[in-house]
Structures are given as C-alpha cells and as structure tokens.
Asker: 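Could you have a look at this structure, given as structure tokens, before my questions?
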Amino acid sequence: MIYPLPAVLVSCGDASGLRNLLTVAWTGTVCTDPPMCYVSIRRERHSYDIIRRTGEFVINLTTEELARATDWCGVRSGRDCDKFAEMGLTPGRGAVVAAPTVEEAPISIECRVRQVLPLGSHDMFLAEVVNVQADERYLDAGGRLDFERARPLVYSHGEYFGLGGAIGRFGWSVRKKPQAPRGEVSARAAASEQGRDAAPQASGARTARTAGPKPGRAAVPKRAGSRGAKSSKRR
C-alpha cells in the first residue's frame, strides 16, 4: 500500500448538536479546481451513517500534540461516548457546514459530499471543499502551514510518526543555477589564474581547513498558552 498517510480527525454532526469524531488515514486531495478531497470509511463505523445522512464533514489535520487523541478516537466508538469531551477537544463552529470543527487542529477543511463510491471494505466519500479554517499560529508569512510549528502527524503500517526537515521545493531538481554576467566571470577566472601562479609549489603540501560549527536547527517557537484565532477562507 501507499505510505505514509496523514492521520486526520474527521468531525461530523448536525445543527441539533449531534457530533462525533473519527480517525481516518484513507484521505487525500483529488482535484484542484474545484478543490476536492475524499475520505474512505467502513460502513459499520458510527460516523458513516451521520455523514451519509448530512452530506457534510470536516477534515481536521492533526499534530504530534494530538497524537493520543487521534489514536483514541480511532479505537473508541462514538455510540458509547462523546469523543470531544473524553479527549478534552473543543468543538468549533463550521463557517459553511453544520458539522463541528476541532479547535485544536491547525487546519480544518469543511467539505460537502458530492458522491459516495462503494469500493469494498470502505466507501469513498468524494467531497468538495467549501471552506478552510486555519489557526494563524501555525502559518508562515506567506499564509502556508509551517511544519516546524505545527509538527503534523502521519500514519504508516499501524504506527504514528512526525515529519522530518524540508529537503527541497517543488521543481528544485530541474531549476538552473543563476549565471554571473560575462564580465564578472572573466574577472573571476583571471583572479583564479593569478592565485594559482602565486600558490606554493611544495610537493605534497596541503592547506588545512578548520570547519566551523554546523548550523543548528532553528528553534521552534514556544506555543502560546491560548489557542490562536482561526482565519477562514471560503471556496
């Protein structure tokens, strides 16, 4: 199978106050325009009937801090308890859908079901993204999710993991290095030639280099005591 996958908390409910949480790893993006995603859920799960009836759900991204709640909500049934209350999670209000959000999540993606596809062990709920709520504490200056701050959670073969550091941006493997102007290149070549002429010619001599300290990883800012405000972006 394809691993790792995001471990998300899917929240569902209606205007009457009914609410539940479900841990899902079978989830992802399927279209950019219009923005669409999916979750695949077993028919016997308590949330299945709620989402099938209401046609709405929210995908709440999780973090390392939410690891225990994420696992717990995947092994307990909402038929027997209020998962929000049991895990100390705060139900938020959706801007477009009636399903609640998870206030502790860095990103909450509000979805409306467009199609239900029976696949076998799971049914796929194909949905359109109608609104996105983001906790501003976890966004960088460009409005993107800052992984260093959020520390998102992923799932692989029955285990949960955090993410490592960034390796490169999309397209870095084919991006050309900037070239210096021709005049500057000629000056550099001349200086290099002069340097070689002035270099000592002693056989076997080596120039020692002293390695400076390796740059350390940037410190992750301490989390504020209270949760930041969520900004909302409708689709």
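Note that these values count all heavy atoms, side chains included, but never hydrogens, waters or copies made by symmetry.
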Asker: Checking side-chain contact (heavy atoms from CB on, under 4.5 Å) for the pair Gln133/Thr101: CA distance, chi angles, key distance, verdict?
Answerer: CA-CA 9 Å; Gln133 297 189 38; Thr101 65; 3.8 Å; yes

Asker: Hey, is Arg19 close enough to Asp82 for a salt bridge, meaning N to O under 4.0 Å?
Answerer: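 Yes, this pair counts.
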
Asker: Determine yes or no for a side-chain-to-main-chain donor-acceptor pair under 3.5 angstrom, with Thr62 supplying the side chain and Thr70 the backbone.
Answerer: no

Asker: May I ask you to test the Val58-Ile109 pair for a side-chain heavy-atom distance under 4.5 Å?
Answerer: no

Asker: For a ring pair (Phe, Tyr, Trp, His ring centres under 6.0 Å) check, start with the C-alpha distance between Phe147 and Tyr138, then their side-chain angles and the critical distance, and finish with the verdict.
Answerer: CA-CA 8 Å; Phe147 284 174; Tyr138 299 118; over 10 Å; no

Asker: Does this structure show an ion pair linking Asp140 with Arg149, if we count only N-O contacts that are shorter than 4.0 Å?
Answerer: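 Answer for the salt bridge query: no.
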
Asker: Can you tell me how far apart CG (Asp135) and OG1 (Thr63) are? Round to the nearest 0.5 Å.
Answerer: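 Separation between the atoms: 10.0 Å.
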
Asker: I'd like to know whether Arg43 forms a side-chain contact (heavy atoms from CB on, under 4.5 Å) with Asp123, so could you lay out the CA-CA distance, the side-chain angles of the two residues, the decisive distance to 0.1 Å, and finally the verdict.
Answerer: CA-CA 7 Å; Arg43 288 181 289 277; Asp123 283 4; 2.6 Å; yes

Asker: Kindly indicate whether the side chain of Val97, heavy atoms from C-beta on, has any atom under 4.5 Å from the side chain of Val130.
Answerer: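 Side chain of Val97 against side chain of Val130, heavy atoms only: contact under 4.5 Å found.
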
Asker: Can any side-chain N or O of Glu110 pair as donor or acceptor with the backbone N or O of Val132 at less than 3.5 Å?
Answerer: no

Asker: Please round to the nearest 0.5 Å and tell me the distance separating atom OG1 of Thr27 and atom CD1 of Ile41.
Answerer: 9.0 Å

Asker: So, the side chain of Arg93 versus the backbone of Pro100: is there a donor-acceptor pair under 3.5 Å, distance only?
Answerer: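 Side chain of Arg93 to backbone of Pro100, a donor-acceptor pair under 3.5 Å: no, none is there.
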
Asker: Does Val10 belong to the same Ile/Leu/Val/Met/Phe/Trp/Tyr cluster as Val116, with side-chain heavy atoms less than 4.5 Å apart forming each link?
Answerer: yes

Asker: Above 12 or not: heavy atoms from other molecules or residues under 6.0 Å from CD1 of Ile2?
Answerer: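 Open: at most 12 neighbouring heavy atoms sit under 6.0 Å from CD1 of Ile2.
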
Asker: Is there side-chain contact between Thr54 and Val113, with at least one heavy-atom pair below 4.5 Å?
Answerer: no

Asker: With side chains defined as the heavy atoms from C-beta onward, is the minimum distance between Leu21 and Val102 less than 4.5 Å?
Answerer: yes

Asker: To the nearest 0.5 Å, what is the distance between CG on Asp80 and CD on Glu86?
Answerer: 10.0 Å

Asker: So does Cys73 get a backbone contact from the side chain of Lys83, meaning a donor-acceptor N/O pair under 3.5 Å?
Answerer: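 Yes, because the side chain of Lys83 sits within donor-acceptor range (under 3.5 Å) of the backbone of Cys73.
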
Asker: In sequence, state the C-alpha distance, the side-chain angles, and the governing distance for Arg45 and Leu22, and then conclude on side-chain contact (heavy atoms from CB on, under 4.5 Å).
Answerer: CA-CA 9 Å; Arg45 300 302 294 267; Leu22 172 73; 3.0 Å; yes

Asker: State, with a plain yes or no, whether a side-chain heavy atom of Thr29 is found less than 4.5 Å away from one of Met36.
Answerer: no

Asker: Under the 3.5 angstrom rule, does the side chain of Ser77 hit a backbone N or O of Arg79 as a donor-acceptor pair?
Answerer: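 Yes, the answer is positive, given that a donor and an acceptor are paired below the 3.5 Å cut-off.
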
Asker: Enter the distance from Leu119:CG to Trp26:CH2 here, rounded to the nearest 0.5 Å.
Answerer: 12.5 Å

Asker: Do you reckon Leu163 sits in the same ILVMFWY cluster as Leu61, going by side-chain contacts under 4.5 Å, direct or chained?
Answerer: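 Cluster IDs for Leu163 and Leu61 match.
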
Asker: Taking all non-hydrogen atoms of both residues into account, name the closest pair between Cys31 and Pro34 and its distance.
Answerer: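 Result for this residue pair: SG-O, 3.3 Å.
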
Asker: Closest approach of Asn20 and Gly78, non-hydrogen atoms and distance?
Answerer: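 Smallest interatomic distance, heavy atoms only, reads OD1-CA, 3.2 Å.
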
Asker: Between the side chain of Asn60 and the main-chain N/O of Leu9, is any donor-acceptor distance below 3.5 Å?
Answerer: yes

Asker: With rounding to the nearest 0.5 angstrom, report the CZ to SG distance, Phe125 to Cys37.
Answerer: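 It is 12.5 Å, given to the nearest 0.5 Å.
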
Asker: What's the separation between atom CZ in Arg76 and atom CE in Met87, rounded to the nearest 0.5 Å?
Answerer: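 Between Arg76 CZ and Met87 CE, I get 9.0 Å after rounding to 0.5 Å.
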
Asker: According to side chain to side chain donor-acceptor pair (under 3.5 Å), does anything in residues 155-173 pair up with another residue at least two apart or in another chain? List the pairs.
Answerer: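 Applying side chain to side chain donor-acceptor pair (under 3.5 Å) to every pair that reaches into residues 155-173, excluding sequence neighbours, yields Asp71-Tyr160.
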
Asker: With hydrophobic residues grouped by side-chain heavy-atom distances under 4.5 Å, do Ile51 and Leu126 end up in a single group?
Answerer: no

Asker: Should Tyr48 and Tyr38 be regarded as members of a common hydrophobic cluster, given that ILVMFWY residues are connected when their side-chain heavy atoms come within less than 4.5 Å of each other, either directly or indirectly?
Answerer: no

Asker: Can you see which heavy atom on Gly162 is nearest to which on Val154, and at what distance?
Answerer: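 Residues Gly162 and Val154, closest heavy atoms: O-CG2, 4.4 Å.
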
Asker: Within a reach of under 6.0 Å around CZ of Arg53, are more than 12 heavy atoms found that belong to other residues, nucleotides or ligands?
Answerer: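 Counting other residues, nucleotides and ligands, CZ of Arg53 exceeds 12 neighbours.
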
Asker: Should Val24 and Ile50 be counted in the same cluster of Ile, Leu, Val, Met, Phe, Trp and Tyr side chains packed under 4.5 Å apart?
Answerer: no

Asker: Sub-3.5 Å donor-acceptor pair from the side chain of Glu128 to the main-chain atoms of Cys111, do we have one?
Answerer: no

Asker: The test is side-chain contact (heavy atoms from CB on, under 4.5 Å); show your working for Ser121 and Arg42 and say whether it passes.
Answerer: CA-CA 6 Å; Ser121 62; Arg42 292 181 181 272; 3.9 Å; yes

